[in-house]
S.K.: 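Quick one: this structure, given as structure tokens, is what I'll be asking you about.
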Amino acid sequence: MRSHLSRNMGLLCSRSRHYNEQDSEENAQAAEIERRIEQETEAEKHIQKLLLLGAGESGKSTIFKQIKLLFQTGFDETELKSYIPVIHANVYQTIKVLHDGSKELAQNDKEFSKYVLSNENKEIGEKLSDIGGRLDYPRLTREHAKDIETLWKDAAIQETYSRGNELQVPDCTQYFMENLQRLSDANYIPTKEDVLYARVRTTGVVEIQFSPVGENKKSGEVYRLFDVGGQRNERRKWIHLFEGVTAVIFCAAISEYDQTLFEDEQKNRMMETKELFEWVLKQECFEKTSFMLFLNKFDIFEKKVLNVPLSVCEWFNDYQPVSTGKQEIEHAYEFVKKKFEELYFKSTAPDRVDRVFKVYRTTALDQKLVKKTFKLVDETLRRRNLFEAGLL
């Protein structure tokens with residue numbers, strides 16, 4: 001009996017030691033997890049959260065790709081190759097938009113004959129429109145590239161392209177049409193510029209973490225940049241990102257004052273941008289958030305504004321031209337800039353007037369300009385941090 005008891009006691013002690021050891025191990029693991037969480041939380045304090053917002057087609061994703069090229073390792077060969085089907089799809093989609101647009105204009109325009117394809121190109125046009133309407137696009141071959149080039153040079157397609165603002169013709173059209181031979185090469189690998197021009201609608205949320213590269217190849221700030229889909233159906237995914245944001249970078253495509261939305265052809269793109277900017281400004285969680293407004297696509301704007309009056313947009317209907325050439329371009333740009341500034345201050349509550357607000361003229365495809373702009377953004381945010389810490 002005694003030996004049975006002592007044996008049981010030994011087992012209990014053994015189990016007790018086992019449980020104590022297990023508890024100690026679990027406690028050590030829990031402590032290690034806590035320590036890591038604390039470390040990560042401490043590290044997070046030094047990361048500035050940037051939110052890239054704007055309506056669809058505003059150039060946000062091009063800015064995002066430029067940041068990846070400028071301040072990260074860029075795109076490796078695998079990533080570059082992953083853009084081949086995207087670029088080829090862009091080419092097929094674009095030629096379909098132009099072909100179908102020419103048919104639509106030929107049916108509805110008084111000067112319909114300008115938009116009728118030459119007899120020898122009609123069959124090519126139908127064939128390419130059929131390919132452009134598929135869900136799976138074939139690789140761009142030399143044969144297809146030759147057909148696309150032939151159709152692109154048709155007078156009716158060129159007339160249609162001149163009215164691209166009415167037809168959702170993408171900004172990348174001219175660039176890709178001028179590079180068809182290279183894009184259709186059997187050993188084609190996209191260049192950085194090809195990737196920047198490639199159009200993929202952002203769905204969901206993508207992010208990168210980086211430090212701007214200064215003269216000394218170092219920066220005290222680390223940024224986490226979030227890019228979100230700009231189309232209306234994507235905006236509900238933004239909300240959870242609004243907390244703890246250091247700065248909102250809002251992209252407005254100023255060249256799109258005469259265009260309508262991809263998802264709603266009754267709605268002017270600039271009016272949509274105006275309403276979206278106003279809504280973002282009024283969000284409670286942005287009470288102390290800095291705002292960096294990128295007036296983007298200036299390169300397209302300066303070509304367009306001398307031919308298409310700003311007043312075609314309801315928001316700009318009080319615009320009065322004062323000059324010609326470069327002076328007029330500057331006057332028009334300053335007018336648009338002032339409209340956004342007025343909207344900012346009108347939509348900003350009195351208790352938020354001390355938040356930082358800066359406006360930058362940008363062309364997302366211009367790498368030097370994007371680098372210079374982001375350097376200014378970095379300096380502004382660093383000064384703001386020093387000011388809030390009482391060091392300035």
S.K.: As an exercise, state the distance from CG of L69 to CG of L196, rounded to the nearest 0.5 Å.
M.R.: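 Rounded to the nearest 0.5 Å, the CG-CG separation comes out at 5.5 Å.
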S.K.: Please check if any side-chain donor atom of S311 sits under 3.5 Å from a side-chain acceptor atom of N317, or the reverse.
M.R.: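 Note: S311 and N317 side chains miss the donor-acceptor criterion.
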S.K.: What do you reckon, is CD of E341 surrounded by more than 12 foreign heavy atoms closer than 6.0 Å?
M.R.: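 Buried by this count: over 12 neighbours within 6.0 Å.
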S.K.: Side chains of E149 and Q181 only: does a donor on one sit below 3.5 Å from an acceptor on the other?
M.R.: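 Judged by distance alone, the side chains do pair up.
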S.K.: Show the nearest heavy-atom pair for residues E328 and S323, with the distance to one decimal.
M.R.: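 In terms of heavy atoms, the two residues are closest at OE1-N, 3.0 Å.
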S.K.: Test salt bridge (charged side-chain N to carboxylate O under 4.0 Å, His left out) on E126 and K103; report intermediate values, then the result.
M.R.: CA-CA 11 Å; E126 291 300 331; K103 287 176 77 172; 3.0 Å; yes
S.K.: If every non-hydrogen atom of G59 is compared with every non-hydrogen atom of N296, which pair is closest and at what distance?
M.R.: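 That would be CA-ND2, 3.6 Å.
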S.K.: Check whether any side-chain heavy atom of S61 lies under 4.5 Å from a side-chain heavy atom of V200, and answer yes or no.
M.R.: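 Sidechains of V200 and S61: no contact.
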S.K.: Would Y188 and Y83 count as a close aromatic pair, with their ring centres under 6.0 Å?
M.R.: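 Aromatic pair excluded; centres sit 6.0 Å or further apart.
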S.K.: Does a donor on one side chain and an acceptor on the other come within less than 3.5 Å for R361 and T373?
M.R.: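 Side chains of R361 and T373: no pair found under 3.5 Å.
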S.K.: Taking 4.0 angstrom as the limit, do K339 and D318 come out as a salt bridge?
M.R.: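 So K339 pairs with D318 through a salt bridge.
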S.K.: Could you tell me which non-hydrogen atom of V245 sits nearest to which non-hydrogen atom of T289, and how far apart they are?
M.R.: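 Looking at all heavy atoms of both residues, the shortest contact is O-OG1, 3.4 Å.
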S.K.: List the steps, then state whether salt bridge (charged side-chain N to carboxylate O under 4.0 Å, His left out) holds for E287 with K282.
M.R.: CA-CA 8 Å; E287 189 177 345; K282 290 178 177 176; over 6 Å; no
S.K.: How close do V359 and F357 get, heavy atom to heavy atom, and via which atoms?
M.R.: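 For V359 and F357, the tightest heavy-atom pair comes out as CG2-CZ, 3.7 Å.
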S.K.: Report the distance from atom CG of L167 to atom CD of Q259, rounding to the nearest 0.5 Å.
M.R.: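 The distance works out to 10.5 Å.
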S.K.: How many angstroms lie between CD in Q107 and OG in S102, if you round to the nearest 0.5 Å?
M.R.: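 So the gap between those two atoms works out to 10.0 Å.
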S.K.: Verify the neighbour count for atom CD of E111: are there more than 12 heavy atoms of other residues, nucleotides or ligands below 6.0 Å?
M.R.: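 No, CD of E111 has 12 or fewer neighbouring heavy atoms, counting only those of other groups under 6.0 Å.
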S.K.: Of all the heavy-atom pairs spanning K304 and Y257, show the shortest one and how long it is.
M.R.: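 What the structure gives for the nearest pair is CG-OH, 3.4 Å.
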S.K.: Might you work through the salt bridge (charged side-chain N to carboxylate O under 4.0 Å, His left out) test for K267 and E275, ending with a clear yes or no?
M.R.: CA-CA 11 Å; K267 182 76 175 183; E275 290 162 20; 2.8 Å; yes
S.K.: So do I148 and T94 actually touch side chain to side chain, heavy atoms under 4.5 Å?
M.R.: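 No. Closest side-chain heavy atoms not under 4.5 Å.
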S.K.: Please examine the side chains of Q367 and L70, heavy atoms only from C-beta on, and report whether any two atoms are closer than 4.5 Å.
M.R.: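 Yes, side chains in contact.
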S.K.: Return the minimal non-hydrogen interatomic distance between E256 and R269, and the atom names on each side.
M.R.: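 Distance-wise, the nearest heavy atoms are OE2-NH1, 2.9 Å.
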S.K.: Please tell me whether K96 and S129 have a donor and an acceptor in their side chains that are separated by less than 3.5 angstrom.
M.R.: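 There is such a pair between these side chains.
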S.K.: Do Y223 and D378 have a side chain donor and acceptor closer than 3.5 Å?
M.R.: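 Distance-only check passes for Y223 and D378.
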S.K.: Determine whether the aromatic ring centres of residues H331 and Y319 are separated by less than 6.0 angstrom.
M.R.: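 Yes, they do, as the ring centres are separated by less than 6.0 Å.
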S.K.: Just wondering, more than 12 heavy atoms not from Q72 lying within 6.0 Å of its CD?
M.R.: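 Result for CD/Q72: enclosed.
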S.K.: Apply side-chain contact (heavy atoms from CB on, under 4.5 Å) to F210 and R224, showing your working.
M.R.: CA-CA 7 Å; F210 65 97; R224 186 172 291 158; over 6 Å; no
S.K.: Using distance alone, with no hydrogens and no angle criterion, decide if Y197 and D171 have a side-chain donor and acceptor under 3.5 Å apart.
M.R.: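 D171 and Y197 do not have a side-chain donor-acceptor pair below 3.5 Å.
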S.K.: Which value, rounded to the nearest 0.5 Å, describes the distance between S290 atom OG and L381 atom CG?
M.R.: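 Answer rounded to 0.5 Å: 5.5 Å.
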S.K.: Assess whether side-chain contact (heavy atoms from CB on, under 4.5 Å) is satisfied between E342 and K337, documenting all intermediate values.
M.R.: CA-CA 9 Å; E342 286 171 353; K337 181 183 172 189; over 6 Å; no
S.K.: Got L105 and T160 here, is their nearest side-chain heavy-atom distance under 4.5 Å?
M.R.: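 Touching, per the 4.5 Å side-chain cut-off.
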S.K.: Answer yes if the side chains of E302 and Y333 hold a donor-acceptor pair under 3.5 Å, and no otherwise.
M.R.: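 The answer is no; no qualifying pair exists.
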S.K.: Would E77 and K81 count as a salt bridge (charged side-chain N to carboxylate O under 4.0 Å, His left out) if you check the C-alpha gap in whole Å, the side-chain angles of each, and the deciding distance to 0.1 Å?
M.R.: CA-CA 6 Å; E77 191 170 310; K81 282 181 176 177; 3.2 Å; yes
S.K.: Are L151 and V116 in one and the same hydrophobic cluster, where Ile, Leu, Val, Met, Phe, Trp and Tyr link if side-chain heavy atoms are under 4.5 Å apart?
M.R.: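 Looking at the clustering, V116 is in a separate group from L151.
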S.K.: Have T191 and D194 got a donor and an acceptor in their side chains that come within less than 3.5 Å?
M.R.: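 Yes, D194 and T191 have a side-chain donor paired with an acceptor closer than 3.5 Å.
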S.K.: Yes or no on ring pair (Phe, Tyr, Trp, His ring centres under 6.0 Å) for F291 and F340, after CA distance, side-chain angles and deciding distance?
M.R.: CA-CA 12 Å; F291 273 83; F340 274 98; over 10 Å; no
S.K.: Is it the case that K114 and Q158 place a side-chain donor and acceptor less than 3.5 Å from each other?
M.R.: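 Checked: K114/Q158 side chains show no N/O donor-acceptor pair below 3.5 Å.
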S.K.: Looking at residues at least two apart in the chain, or sitting in another chain, which of them share a ring pair (Phe, Tyr, Trp, His ring centres under 6.0 Å) with F226?
M.R.: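 So F226 forms no ring pair (Phe, Tyr, Trp, His ring centres under 6.0 Å) with any residue.
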S.K.: Between the main-chain N or O of I124 and the side-chain N or O of N121, is there a donor-acceptor pair closer than 3.5 Å?
M.R.: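 Absent.
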S.K.: Under 3.5 Å, is there a donor-acceptor pair between the side chain of N307 and the main chain of K303?
M.R.: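 Yes: the side chain of N307 pairs with the backbone of K303.
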S.K.: When you look at CD of E120, are more than 12 heavy atoms from neighbouring residues, nucleotides or ligands closer to it than 6.0 Å?
M.R.: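 Buried by this count: over 12 neighbours within 6.0 Å.
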S.K.: Given the rule that I, L, V, M, F, W and Y join up when any side-chain heavy atoms are under 4.5 Å apart, are F374 and V206 in one cluster?
M.R.: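 Yes: a chain of side-chain contacts under 4.5 Å links F374 to V206.
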S.K.: State whether a side-chain donor-acceptor pair under 3.5 Å links R134 with Y92.
M.R.: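 R134 vs Y92: no donor-acceptor pair found between side chains.
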S.K.: Side chains of H144 and T141: any donor to acceptor distance under 3.5 Å?
M.R.: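 Note: T141 and H144 side chains meet the donor-acceptor criterion.
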S.K.: Decide side-chain contact (heavy atoms from CB on, under 4.5 Å) for F301 and V336; before the verdict, give the C-alpha distance in whole Å, the side-chain angles of both, and the deciding distance to 0.1 Å.
M.R.: CA-CA 11 Å; F301 176 84; V336 173; 4.3 Å; yes
S.K.: Please evaluate residues E104 and Y115 with respect to the criterion side chain to side chain donor-acceptor pair (under 3.5 Å), reporting the C-alpha separation (whole Å), side-chain torsions for both, the decisive distance (0.1 Å), and the verdict.
M.R.: CA-CA 9 Å; E104 188 183 325; Y115 305 103; over 6 Å; no
S.K.: Using salt bridge (Lys or Arg N to Asp or Glu O under 4.0 Å) as the criterion, point out the one residue from K192, K65, K68 that pairs with E79.
M.R.: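 Passing option: K68.
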S.K.: Ring centroid separation for Y161 and W152, is it under 6.0 angstrom?
M.R.: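 Y161 vs W152: aromatic centres under 6.0 Å.
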S.K.: Tell me if a side-chain donor or acceptor on K60 pairs with a main-chain N or O of V228 at a distance below 3.5 Å.
M.R.: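 Looks like yes, one N/O pair under 3.5 Å.
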S.K.: Step through the shown structure and confirm whether more than 12 heavy atoms of other residues, nucleotides or ligands are within 6.0 Å of NZ on K358.
M.R.: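 Open.
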S.K.: Closer than 3.5 angstrom, by distance alone: can the side chain of N179 be matched with the main-chain N or O of R182 as a donor-acceptor pair?
M.R.: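 No, because the side chain of N179 does not come within donor-acceptor range (under 3.5 Å) of the backbone of R182.
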S.K.: Ring centroid separation for F294 and Y360, is it under 6.0 angstrom?
M.R.: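 So the answer is yes for these two rings.
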S.K.: Quick check: are there more than 12 heavy atoms from other residues, nucleotides or ligands sitting under 6.0 Å from CD of E143?
M.R.: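 12 or below, so no.
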S.K.: Distance from K49 atom NZ to E207 atom CD, nearest 0.5 Å?
M.R.: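 Rounded to the nearest 0.5 Å, the NZ-CD separation comes out at 9.0 Å.
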